Amino acid sequence: MVKRLDYGAFMEKFSLQLSPSQHQLPLSGLTFSVKDIFDIEGYVTGFGNPDWARTHSASTSTAPAVMDLLTAGATCLGKTVMDEMAYCMYGVNKHYGTPTNPCAPDRVPGGSSSGSAVAVAAKLVDFSLGTDTGASVRVPASYCGILGFRPSLGAVSTVGVLPMSQSYDTVGWFARDPKILNRIGRVLLHLPDVDPIKPSQIIIAEDCFRLSTIPSDRTVQVLVKSIEKLFGAQCVKHAILGDLVKDKVPSLQHFMDKGNEDQVDDIPPSLAALSSAMRLLQRYEFKNYHDKWVTKVNPDFGPGISERIWDAIKATGENIDFCHSVRTELRAALTALLGDHGVLALPTTPGEPPKVQANPATSDIFFSRPFSLLSVAGSSGFCQVRT
């Protein structure tokens with residue numbers, strides 16, 4: 001058993017930095033941690049499961065995303081706990097423990113990048129690297145009360161990152177300070193230091209905000225006032241996202257009545273179907289990459305995770321072509337809606353995180369509402385920031 005340190009966020013602590021530079025680097029003086037899904041030379045990438053760590057050798061190279069941060073002057077302080085094989089958004093790990101949510105110690109931190117989020121929220125590091133396939137940066141950022149960014153698909157290299165579902169996997173990051181979040185993004189995205197672009201419109205997804213348990217006077221009304229103050233009232237637009245998706249993504253008809261047994265009544269059917277299509281394709285891709293290892297090793301998985309992984313191993317290719325069509329159609333619809341500089345505003349998660357002692361086997365039911373919101377960025381491949 002790995003010794004748990006500082007809120008249970010870390011799998012292993014070390015200090016890794018490149019030779020000091022005579023010049024001021026973009027991230028000089030900043031510290032960070034890395035989800036145990038990234039390769040670091042000389043360390044085993046554990047993937048949140050001791051059987052995986054036992055059956056794999058130490059990495060012979062370091063993931064380019066990690067190297068970019070080190071080259072920019074940051075110091076890595078260790079690897080963090082994650083959900084097993086990145087296949088949960090709960091933030092619970094029966095082998096290594098559940099990192100303590102600094103904002104709400106009796107509630108889960110969210111996953112699968114749980115330790116990365118907790119390390120930032122607990123001020124153990126300045127920022128953290130995670131991955132976001134279904135929502136593994138956005139959910140823990142929301143639950144731990146920090147900033148989290150999922151970049152557009154393919155914008156940051158996933159070389160040296162263990163895959164969960166390769167056509168959805170992204171490298172994301174956490175920070176407490178928006179300026180640091182921006183600095184990390186410029187390094188990972190290889191962007192020049194330029195002035196921000198004023199949004200042409202900020203579209204509020206009204207039906208998505210109605211899913212939130214937080215009163216609108218604390219969300220939508222505050223958001224509208226802020227937009228008007230910063231950019232002017234003409235920038236504010238409103239939309240019913242569920243209707244747009246239903247009209248512009250016809251391939252979703254194949255998922256309207258399939259896989260939605262746990263659908264919550266107030267979720268727009270098109271967004272529930274979008275979530276179903278995303279999870280179906282993720283299961284299929286997970287199986288294609290990990291089937292041989294799972295069936296050969298028969299790993300010890302925690303409750304909830306075990307059922308989810310074995311369901312994925314049994315997945316078939318039925319409707320997979322329609323999943324790809326859904327993504328293409330959704331991307332086109334959102335591109336037309338937003339134009340070059342538009343922003344779509346919607347909740348990251350609709351309410352507070354579950355209690356730590358809640359049964360993780362029921363997490364899919366609990367997350368049916370969040371999944372319907374999170375699948376918009378996930379399926380389209382667009383970026384999303386949790387603020």
Side-chain angles (χ1 to χ4, degrees), residues 5-7 9-45 58-82 102 113-132 136-137 140-141 144 146-152 154-162 169-197 383 385-387:
L5 301 172
D6 300 325
Y7 291 81
F10 283 91
M11 284 287 302
E12 187 171 8
K13 275 199 165 185
F14 49 79
S15 182
L16 180 63
Q17 62 182 139
L18 301 185
S19 299
S21 171
Q22 295 180 347
H23 305 286
Q24 182 71 17
L25 297 173
L27 305 181
S28 291
L30 296 182
T31 59
F32 72 104
S33 59
V34 175
K35 183 178 183 177
D36 196 20
I37 199 171
F38 289 85
D39 287 346
I40 294 182
E41 183 179 0
Y43 295 88
V44 175
T45 308
S59 301
T60 57
S61 60
T62 298
V66 177
M67 280 302 302
D68 280 348
L69 299 172
L70 294 171
T71 302
T75 301
C76 180
L77 296 186
K79 285 197 167 192
T80 53
V81 174
M82 59 175 285
S113 307
S114 53
S116 292
V118 167
V120 171
K123 301 182 180 180
L124 306 177
V125 292
D126 296 306
F127 68 95
S128 245
L129 269 190
T131 58
D132 190 309
S136 293
V137 165
C144 290
I146 57 176
L147 305 172
F149 188 79
R150 171 204 162 96
S152 300
V156 179
S157 173
T158 54
V159 172
V161 182
L162 290 174
D169 292 342
T170 63
V171 171
W173 54 98
F174 303 91
R176 297 181 302 276
D177 184 335
K179 292 182 179 179
I180 290 180
L181 192 79
N182 180 282
R183 287 165 64 185
I184 305 313
R186 295 198 177 281
V187 169
L188 291 175
L189 297 168
H190 302 150
L191 295 175
D193 190 9
V194 296
D195 292 332
I197 297 173
C383 62
V385 61
R386 188 277 163 187
T387 60

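Residue numbers start at 1 and run along the sequence shown. On a predicted model such as this, the values are computed, not experimentally measured, just so you know.
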Hey, could you give me the [atom1]/[atom2] distance between [X] and [Y], rounded to the nearest 0.5 Å?
X      : Y      : atom1 : atom2 : answer
Phe32  : Leu124 : CZ    : CG    : 15.0 Å
Tyr43  : Cys76  : OH    : SG    : 8.5 Å
Ile146 : Arg386 : CD1   : CZ    : 8.5 Å
Ser28  : Gln17  : OG    : CD    : 10.0 Å
Glu41  : Ser59  : CD    : OG    : 9.0 Å
Lys79  : Phe14  : NZ    : CZ    : 6.5 Å

What are the two closest heavy atoms between [X] and [Y], and how far apart are they?
X      : Y      : result
Ser116 : Phe174 : CB-CE1, 3.7 Å
Ala63  : Phe38  : CB-CD2, 4.2 Å
Leu25  : Ala72  : CB-O, 3.1 Å
Ser128 : Ala119 : OG-CB, 4.3 Å
Val120 : Arg176 : O-NH1, 2.6 Å
Asp68  : Val187 : O-CG1, 3.6 Å

Can you confirm whether [X] sits close enough to [Y] that some side-chain heavy atom of one is under 4.5 Å from a side-chain heavy atom of the other?
X      : Y      : result
Val118 : Cys144 : yes
Asn182 : Arg186 : yes
Leu16  : Thr62  : no
Pro178 : Leu147 : yes
Val156 : Trp173 : yes
Ile180 : Leu30  : yes
Leu188 : Leu129 : yes
Val171 : Ser157 : no

Fill in: The single option from Thr45, Thr80, Thr131 passing side-chain hydrogen bond (donor to acceptor under 3.5 Å, both in side chains) against Lys35
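Checked Thr45, Thr80, Thr131 against Lys35; only one passes side-chain hydrogen bond (donor to acceptor under 3.5 Å, both in side chains): Thr131.
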
Worksheet item: Do side-chain atoms of Thr170 reach the backbone of Asp132 as a donor and acceptor pair under 3.5 angstrom?
Response: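 Present.
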
Worksheet item: Is there a donor-acceptor pair closer than 3.5 Å between any side-chain N or O of Asp126 and the backbone N or O of Thr31?
Response: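 Side chain of Asp126 to backbone of Thr31, a donor-acceptor pair under 3.5 Å: yes, one is there.
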
Worksheet entry | Polar side chain donor-acceptor pair, Ser136 to Ser113, under 3.5 angstrom |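 No, no side-chain donor-acceptor contact under 3.5 Å.
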
Fill in: Steps toward side chain to side chain contact (heavy atoms under 4.5 Å, CB included) verdict (Asp36, Val81)
CA-CA 6 Å; Asp36 196 20; Val81 174; over 6 Å; no

Item to complete: Would you sort out whether Leu181 and Val385 count as a side chain to side chain contact (heavy atoms under 4.5 Å, CB included), showing the intermediate values?
Response: CA-CA 10 Å; Leu181 192 79; Val385 61; 4.0 Å; yes

